Amino acid sequence: VKHSVSEQSDVEDWHSILYADKVLGVLSTFTLSTLLVNPDKDITLFGKEYNDGSYSLSDEDYEAAERILHWCPNVRWI
């Protein structure tokens, strides 16, 4: 798995996510918004137990993501 910090614009980052074969990342509307264009996108999200940074997601955030997972079978938790 290749990891790097992007130096692209936000739009270029979004296109990179949209056209990536697979995406591994944290729960964010930025990443999940690509599902509006491609609901079959392969996305793996870090689960609640990995949410240990300075920004904490709420239970409601995870519940909303669970609803999305129902409609997008290629989105999953690790």
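Predicted, not measured: the structure shown is a model, and the values here were computed from it.
In this structure a side-chain-to-backbone donor-acceptor pair under 3.5 Å is missing from N38 to L35. Under the 3.5 Å distance criterion, the side-chain polar atoms of K41 are left unmatched by any main-chain donor or acceptor of T34. Put simply, the side chain of N51 never gets that close to the backbone of S56: no donor and acceptor are under 3.5 Å apart.
In terms of heavy atoms, W14 sits closest to S33 at NE1-OG, 2.7 Å. Contact record, L69 with W77: CD2-NE1, 3.3 Å, taken as the closest heavy-atom pair.
For the pair K48 and D59, the minimum side-chain heavy-atom distance is below 4.5 Å. Residues D52 and F46 fail the side-chain proximity criterion, which asks for heavy atoms closer than 4.5 Å.
Note on Y50 and Y55: separate hydrophobic clusters, where clusters join Ile, Leu, Val, Met, Phe, Trp and Tyr whose side-chain heavy atoms are under 4.5 Å apart, directly or indirectly. Cluster membership for V37 and F30, using ILVMFWY side-chain heavy atoms within less than 4.5 angstrom, is shared.
Atom CD of E60 and atom CD of E63 lie 5.5 Å apart (nearest 0.5 Å).
Within a 6.0 Å radius of CD in Q8, more than 12 heavy atoms belonging to other residues, nucleotides or ligands are found.
Taking Y19 as the reference, nothing meets the ring pair (Phe, Tyr, Trp, His ring centres under 6.0 Å) condition, with sequence neighbours excluded.
Remark: the D13 side chain and the S16 side chain contain no N/O donor-acceptor pair separated by less than 3.5 Å.
Partner V23 forms a side-chain contact (heavy atoms from CB on, under 4.5 Å) with one of I17, L18, L32 and no other, that one being I17. For the side-chain contact (heavy atoms from CB on, under 4.5 Å) criterion with R76, the lone passing option out of I43, L45, D42 is D42.
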